[in-house]
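Just below is one structure, and these are the notes that go with it.
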Amino acid sequence: LTPQKEFANGVIKRGDECQPVDREYLIEHFFLPVNQIQGSPGTGFLLNSNGSMLATINLDNHLMLHKIDREGKLEQES
């Protein structure tokens with residue numbers, strides 16, 4: 001994975017600025033636990049332009065990447 005290319009033209013949202021519809025999208029699309037999407041200060045989300053990759057920042061004092069496999073090629077990217 002090349003995050004620089006994957007996140008070009010992406011969307012950055014601070015956790016405390018996320019609207020309920022934003023949280024619902026993250027929970028349903030990326031199967032994130034509800035308790036991680038509370039919108040606490042210091043948290044953030046970076047979503048790439050096609051909605052297939054998400055970086056979560058400071059949810060559990062970590063940076064995590066979440067990728068949706070739309071073509072069945074996830075094993076080939078590892």
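For reference, positions follow the sequence shown, starting with 1.
- Judged as a side-chain contact (heavy atoms from CB on, under 4.5 Å), and not counting sequence neighbours, the contacts of Gln19 are Val21, Asp22.
- Legend: residues meeting side-chain contact (heavy atoms from CB on, under 4.5 Å) with Ile27, ordered by chain and number and at least two apart, are Val34, Ile37.
- Across every non-hydrogen atom of Lys13 and Cys18, the tightest pair is CB-SG, 3.9 Å.
- Within the 3.5 Å criterion, the main-chain N or O of Gly10 finds no donor-acceptor partner in the side chain of Asn48.
- Every residue meeting the side-chain contact (heavy atoms from CB on, under 4.5 Å) condition with Leu54, not counting sequence neighbours, appears here in chain and number order: Leu26, Phe30, Leu32, Phe45, Leu47, Thr56, His66.
- Scanning both residues, Asn58 and Gly42, for their nearest heavy atoms gives ND2-O, 3.0 Å.
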